[in-house]
Amino acid sequence: LKRVGVEEIEGVDSTFDPLMHDAMLMQPSDKEEGVVTAVLQKGYRQGERVLRPARVAVSSGPQTA
């Protein structure tokens with residue numbers, strides 16, 4: 001697949017991008033809001049074209065008491 005330019009979409013610790021990611025859930029974490037905390041299903045792109053968005057969990061920010 002690499003020969004035809006297919007790449008895996010960035011995952012954990014990347015900033016959530018609605019064009020590249022499907023947010024399946026939001027959860028509190030020590031990371032700032034909008035950062036990908038887990039990849040539930042890998043996503044792929046070919047150049048600028050998204051073949052399958054990555055399904056991810058996204059941080060809702062630190063939990064406040």
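Computed over heavy atoms, backbone and side chain alike; hydrogens, waters and symmetry mates excluded. The structure displayed is predicted, hence computed values, not measured ones.
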Item checked: Co-members of the apolar cluster containing Y44 [side chain, <4.5 Å] -> L1, V4, V6, L51
Margin query: If the condition is side chain to side chain contact (heavy atoms under 4.5 Å, CB included), which residues does Q41 pass it with, not counting sequence neighbours?
Written below: R52, R55
Notebook entry, point to check: Do V50 and I9 come within less than 4.5 Å of each other through their side chains, counting heavy atoms only?
Noted result: yes
Checklist line | Partner residues of E33 under the salt bridge (Lys or Arg N to Asp or Glu O under 4.0 Å) criterion, sequence neighbours left out | finding: none
Checklist line | Euclidean distance, E7 CD relative to R45 CZ, rounded to 0.5 Å | finding: 5.0 Å
Checklist line | Set of side chain to side chain contact (heavy atoms under 4.5 Å, CB included) partners for P28, sequence neighbours left out | finding: S60, Q63
Do any side-chain atoms of residues 20-27 form donor-acceptor pairs under 3.5 angstrom with protein atoms, and if so which ones, sequence neighbours left out?
unit_1 : atom_1 : unit_2 : atom_2 : d
H21    : ND1    : D17    : N      : 3.0
H21    : ND1    : D17    : O      : 3.3
H21    : NE2    : E10    : O      : 3.1
Q27    : NE2    : T37    : OG1    : 3.2

Checklist line | Remaining members of the apolar cluster that contains V35, side-chain heavy atoms under 4.5 Å | finding: none
